Amino acid sequence: MPELPEVETVARLLRPHVVGRSITDADVRWARSVGGSPRPFFAGAVGARVVRLTRRAKFLRFDLERAGADAGALLCHLRMTGRLHVEPRAAQAGSYARVLLHLDDGRVLHFDDVRKFGRLVFEPDPARALANLGPEPLEAAFDGAWLHAALRTRRGRLKPLLLDQGFLAGLGNIYVDESLHRAGLHPLRLAHRVRAEEAQRLVLAVREVLTRAIARDGSSFDSFYRTPEGLPGGFQDEFRVYDRAGEPCLTCRAPIVRIVVGQRGTHLCGCCQPRRPQRSSR
DNA sequence: AGCTACTCCTGGTAGC
DNA sequence: TGCTACCAGGAGTAGC
């Protein structure tokens, strides 16, 4: 599933192909993919020029201009099976193509999405649309002190909170499981009981996992995620718990177990991630 | 307000 | 072989 590292990879690889290009036409093949109504999408996108492509949380943001003035943005969320890629005009659209944007260099930006959960919408005020997201985990503001203070105000379990994009932006099921294992924290730990040094460990684990995953162009454990170039990522080779139920923990050899937390498959090592906090030595 | 359950979708797979 | 039932999952929304 595209999470922060996958979306970051898509932004990096797509950028040289779309920044500076004008959108000359749009072909909407599934209306809900553009927010339900093709007409405002068409009006917002066609004739505009892409001046920037950035990532915020799991969103791709294509900033648009008309006659040199800001003209909103296209926001794309890939959800589980969305894929963006640029092809020559002659290339045939796949059977899962949901939106096609024709560019002024004769090429076409394809938004494919098997499960139709993804979105490519026109947003006149992108800053407002993205305003409720939590901090970026790779930015300096996300540190142990911030996380500890933020966790103390929450009554719920650790994992559902880390998946909440309003709390922290960009993590999904895979990277939460991987980060919690590396930090030695059980996903069902109560957020407000996480101690300062544990929050610090979690910050370092999240940063480490995301940085490694970005370096490997994300994770492709099934057939869905591919870079815009059509290649799989490589971080699935570094999974320690995700999709490894029954296999030995790479740290202690105990079998990885799979439980369900907030309707999500959750993978952990019961030995390295104890349910009760370890006694502090001091 | 803050948390949990349900919904959207479809391909793949397990079971018969 | 071919059918059915069920699973995966991000995030918006409804409900407690």
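Each chain gets a letter, A, B and so on, in the order the sequences are listed, and its residues count up from 1. Computed from a predicted structure; not experimentally measured.
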Just wondering, do A/R212 and A/F235 contact through their side chains at under 4.5 Å, heavy atoms?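 Of all side-chain heavy-atom pairs linking A/R212 with A/F235, at least one is under 4.5 Å.
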
Given side chains that start at C-beta, do those of A/L190 and A/L158 come closer than 4.5 Å, heavy atoms only?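 Of all side-chain heavy-atom pairs linking A/L158 with A/L190, none is under 4.5 Å.
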
Between A/E123 and A/R61, does any side-chain N to carboxylate O distance fall below 4.0 Å?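 No.
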
Find the distance [X]:[atom1] to [N]:[atom2] and express it as a whole number of Å.
X	N	atom1	atom2	answer
A/L163	B/dG2	CG	C1'	16 Å
A/M80	B/dG11	CE	P	13 Å
A/L75	C/dA11	CG	C1'	15 Å
A/R258	C/dG9	CZ	P	6 Å
A/D112	B/dG11	CG	P	13 Å
A/Q263	C/dC7	CD	C1'	13 Å
A/F59	C/dG12	CZ	C1'	10 Å
A/Q165	C/dG12	CD	P	9 Å

Given the side-chain rings of A/F117 and A/W30, with only the six-membered ring counted for Trp, is the space between their centroids under 6.0 Å?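 No, too far apart.
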
Closer than 4.0 Å, any side-chain N/O of [X] to the OP1 or OP2 of [N]?
X	N	answer
A/Y96	B/dG11	yes
A/K116	B/dC8	no
A/Y242	C/dG9	yes
A/R264	C/dA11	no
A/H77	C/dA11	yes
A/R157	B/dC3	no

Base C/dG9 paired with A/R79 side chain (donor-acceptor, <3.5 Å):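 Counting by modelled atom types and ignoring angles, no donor-acceptor contact under 3.5 Å is found here.
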
By a 5.5 angstrom centroid cut-off and a 30 degree plane limit, is there stacking between A/F117 and C/dA11?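 Ring-base stacking flag not set for A/F117 and C/dA11.
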
Among B/dT10, B/dC3, C/dG10, which is the nearest nucleotide to the side chain of A/R154?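 Comparing B/dT10, B/dC3, C/dG10 against the side chain of A/R154, the answer is B/dC3.
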
Could you check whether A/G262 gets within reach of a base, just the sugar-phosphate, or nothing at all, counting any heavy atom under 4.0 Å?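 Here A/G262 touches no strand at all.
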
A/H77 and A/F59 aromatic ring geometry - parallel, tilted or perpendicular at 30°/60° bounds: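 Judged by the thresholds at 30° and 60°, the geometry between A/F59 and A/H77 is perpendicular.
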
